[in-house]
Asker: 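Next up is a structure, given as structure tokens.
Bear in mind that the values here come from a model prediction, so they are computed numbers and not experimental data.
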Amino acid sequence: MQAETKTVLQTTDIAAHLKAPTKPLTDIELQQDYDYFMAQETANMLLSAGLISLVEFNKLTQINRDTFSPMLAEIMPKIT
């Protein structure tokens, strides 16, 4: 017999989120996101080519997040 696992996902109040004041992005924030994207693309290519392992890829991903601080880092999946 297989045990049943139940989880509850936290929902986001979209209406409240949309009403929240927004501030324009700075050039530095845009550059950080672009740099993160490019670093991740490089890591993806290394993984796809078999030049690094999944463990190494995950380490690179964490280093990229710490280094470039992408804007949406708080909603990105946790690295295991």
Asker: Is a donor from one side chain sitting under 3.5 angstrom from an acceptor on the other, for Asp66 and Gln62?
Answerer: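 There is such a pair (donor and acceptor under 3.5 Å, judged by atom type) between the side chains of Asp66 and Gln62.
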Asker: Are Val55 and Leu47 connected in a single hydrophobic cluster, I mean Ile/Leu/Val/Met/Phe/Trp/Tyr linked by side-chain heavy atoms less than 4.5 Å apart?
Answerer: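 Leu47 and Val55: separate clusters.
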Asker: With a 4.5 Å limit on heavy-atom distance, are the side chains of Leu30 and Thr26 in contact?
Answerer: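 No. Closest side-chain heavy atoms not under 4.5 Å.
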Asker: Does the side chain of Phe68 reach to within under 4.5 Å of the side chain of Met38, using non-hydrogen atoms?
Answerer: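 They are not in side-chain contact.
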Asker: Apply side-chain contact (heavy atoms from CB on, under 4.5 Å) to Asp35 and Gln31, showing your working.
Answerer: CA-CA 6 Å; Asp35 292 343; Gln31 186 65 51; 2.8 Å; yes
Asker: Please give the remaining members of the hydrophobic cluster of Ile28, linking ILVMFWY side chains under 4.5 Å, ordered by chain and number.
Answerer: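 Hydrophobic cluster check, Ile28: no partners found.
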Asker: What closest approach, in Å, do Ala43 and Ile52 show between heavy atoms, and which atom pair accounts for it?
Answerer: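 Scanning both residues, the minimum pair turns out to be O-CD1, 3.8 Å.
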Asker: Which pairs pass side chain to side chain donor-acceptor pair (under 3.5 Å) with one or both residues in residues 41-55, sequence neighbours excluded?
Answerer: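 Found Ser53-Glu56.
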Asker: Indicate yes or no for a side-chain donor-acceptor contact from Gln40 to the backbone of Phe37 under 3.5 Å, with no hydrogens or angles considered.
Answerer: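 No, Gln40 side chain to Phe37 backbone: no donor-acceptor pair under 3.5 Å.
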